[in-house]
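One structure is given below, encoded as structure tokens.
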Amino acid sequence: MKALRKRRVSMRETMIQSAVVDHWRSVGLPGTLVAAIPNQLAFGQPGLHRGLFDLVVIGGRVGVGFIELKTETGTPSDEQKAFRDILIFNGIPYAITYGRDEPIRVLEDWEIVRKQARAAA
Ligand SMILES: [Mg+2]
């Protein structure tokens with residue numbers, strides 16, 4: 001059998017965000033919520049705070065959690081690290097994820113979406 005070379009498809013963060021929210025819309029568990037924090041495009045809105053993570057997640061076994069989405073090669077900004085420190089200080093669950101699959105694994109782990117059957121690697 002011909003060995004398949006794994007090709008990492010690089011996705012932009014907005015594409016990752018839509019994929020993750022769409023995934024929750026299709027297999028999200030009852031009583032859960034995954035919503036974007038529209039910091040990036042909400043310019044001028046009172047109360048904006050740099051570094052807020054991309055997604056707020058409610059339900060499952062976390063109650064409330066936050067997910068920061070990154071591309072495969074992205075890195076958190078200083079403001080995002082400062083926000084992460086606030087989450088740690090307050091004992092609020094969070095994840096900084098890379099690519100499209102990692103945030104979906106986190107949502108499964110947090111029991112926000114139904115676990116998908118996966119082919120063995
Ligand atoms: Mg992000």
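Remember, predicted model here, so these are calculated numbers, not experimental data. Every number for a ligand or one of its atoms is a count from 1 in the order of the listing.
Residue-and-atom listing of protein N/O/S atoms under 2.8 Å from the Mg ion (ligand 1), sorted by chain and number: Glu13 OE1, Asp54 OD2, Glu68 OE2, Leu69 O.
Each of Val56, Leu87, Leu33 was compared with Val64 under the side chain to side chain contact (heavy atoms under 4.5 Å, CB included) criterion, and only Val56 meets it.
Judged by distance alone, the side chain of Glu108 and the main-chain N or O of Arg105 form no donor-acceptor pair under 3.5 Å. Glu102 places no side-chain N or O within donor-acceptor distance of the main-chain N or O of Arg100, the cut-off being under 3.5 Å.
Under a 4.0 Å N-O distance rule, the pair Lys70/Asp54 does not qualify as a salt bridge. Salt bridge status for Glu79 with Lys81: absent, with no side-chain N to carboxylate O gap under 4.0 Å.
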Practice prompt. Decide yes or no on side-chain contact (heavy atoms from CB on, under 4.5 Å) for Glu68 and Phe83, but give the supporting numbers first.
Written response: CA-CA 10 Å; Glu68 173 55 33; Phe83 181 66; over 6 Å; no
